[in-house]
Participant: 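Questions regarding the structure given below will be posed in turn.
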Amino acid sequence: MSFDFTDNGEIWDNPESVTLISVTPSETNISVSRALRLPLTTREIAASNGVYTSQDCRWLLPGSLLTAAQSPRPRWRIQAANEYGDTVDWTILDRSYSTMTDLFRCTCRDLVLVADLR
């Protein structure tokens, strides 16, 4: 018996619509209708030896919504609304892909928030 987890994104609570912005070779906007934002765990933050902070987050993006050329890469951005309705650009620090769940796991940072950029 084999299990198929590829449609798990269909049953997520509170998914968000985001825009994946590629930066190479030119800036391209890719609409992703279902994404899930998760906080990093305390264990992940501690194990990173200062690489990750509590202000970082993890985005889950279903691979079924993206083509091979659209698979997220570090330096790309995920643009989403925050709780106040403002647009926030999350820069992808690293990403992994699971063939079992067909999910991209992108660890991201809001550089404006962290570096106090304007």
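Every value quoted in this text rests on a predicted model; they were computed, and no experiment measured them.
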Participant: Going by the rule side chain to side chain donor-acceptor pair (under 3.5 Å), which residues pair with Ser98 if we only count those two or more places apart in sequence or in a different chain?
Facilitator: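 Only Thr101 meet the side chain to side chain donor-acceptor pair (under 3.5 Å) criterion with Ser98.
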
Participant: Can you name the residues that form a side chain to side chain donor-acceptor pair (under 3.5 Å) with Thr41, not counting sequence neighbours?
Facilitator: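 Scan of Thr41 (side chain to side chain donor-acceptor pair (under 3.5 Å), adjacent residues dropped) gives Glu44.
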
Participant: With sequence neighbours left out, what residues match Val32 under side chain to side chain contact (heavy atoms under 4.5 Å, CB included)?
Facilitator: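 Checked Val32 against side chain to side chain contact (heavy atoms under 4.5 Å, CB included); matches are Val18, Leu20, Leu61, Leu65, Leu66.
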
Participant: Rounded to the nearest 0.5 Å, how far does OG of Ser96 lie from CZ of Phe104?
Facilitator: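 If we round to the nearest 0.5 Å, Phe104:CZ and Ser96:OG are 9.5 Å apart.
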
Participant: Taking the side chain as C-beta and beyond, is there a heavy-atom pair between Pro39 and Cys57 under 4.5 Å?
Facilitator: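 No, their side chains stay 4.5 Å or more apart.
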
Participant: Atom CZ in Arg37, atom CD1 in Ile78: separation rounded to 0.5 Å?
Facilitator: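 Those atoms lie 9.5 Å apart.
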
Participant: If you link I, L, V, M, F, W and Y whenever their side-chain heavy atoms are under 4.5 Å apart, who else ends up in the same group as Val51?
Facilitator: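 Answer for Val51: Leu40, Ile45, Tyr52, Leu93.
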
Participant: Identify, with sequence neighbours excluded, every residue that meets side chain to side chain contact (heavy atoms under 4.5 Å, CB included) alongside Ser17.
Facilitator: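 Expected list: none.
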
Participant: State which residues pass side chain to side chain donor-acceptor pair (under 3.5 Å) with Thr91; sequence neighbours excluded, sorted by chain then number.
Facilitator: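 Scan of Thr91 (side chain to side chain donor-acceptor pair (under 3.5 Å), adjacent residues dropped) gives none.
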
Participant: Kindly say whether Thr99 contributes a backbone atom to a donor-acceptor pair with the side chain of Asp102 at under 3.5 angstrom?
Facilitator: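 Flag not set: sc Asp102 to bb Thr99 has no pair under 3.5 Å.
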
Participant: Is it the case that Thr107 and Asp94 place a side-chain donor and acceptor less than 3.5 Å from each other?
Facilitator: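 The answer is yes; a qualifying pair exists.
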
Participant: Does Glu27 have any side chain to side chain contact (heavy atoms under 4.5 Å, CB included) partners at least two apart in sequence or in another chain, and if so, which?
Facilitator: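 Side chain to side chain contact (heavy atoms under 4.5 Å, CB included) list for Glu27, sorted by chain: Ile21, Arg77.
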
Participant: Could you list the residues that satisfy side chain to side chain contact (heavy atoms under 4.5 Å, CB included) with Asn49, not counting sequence neighbours?
Facilitator: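 Applying side chain to side chain contact (heavy atoms under 4.5 Å, CB included) to Asn49 gives none.
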
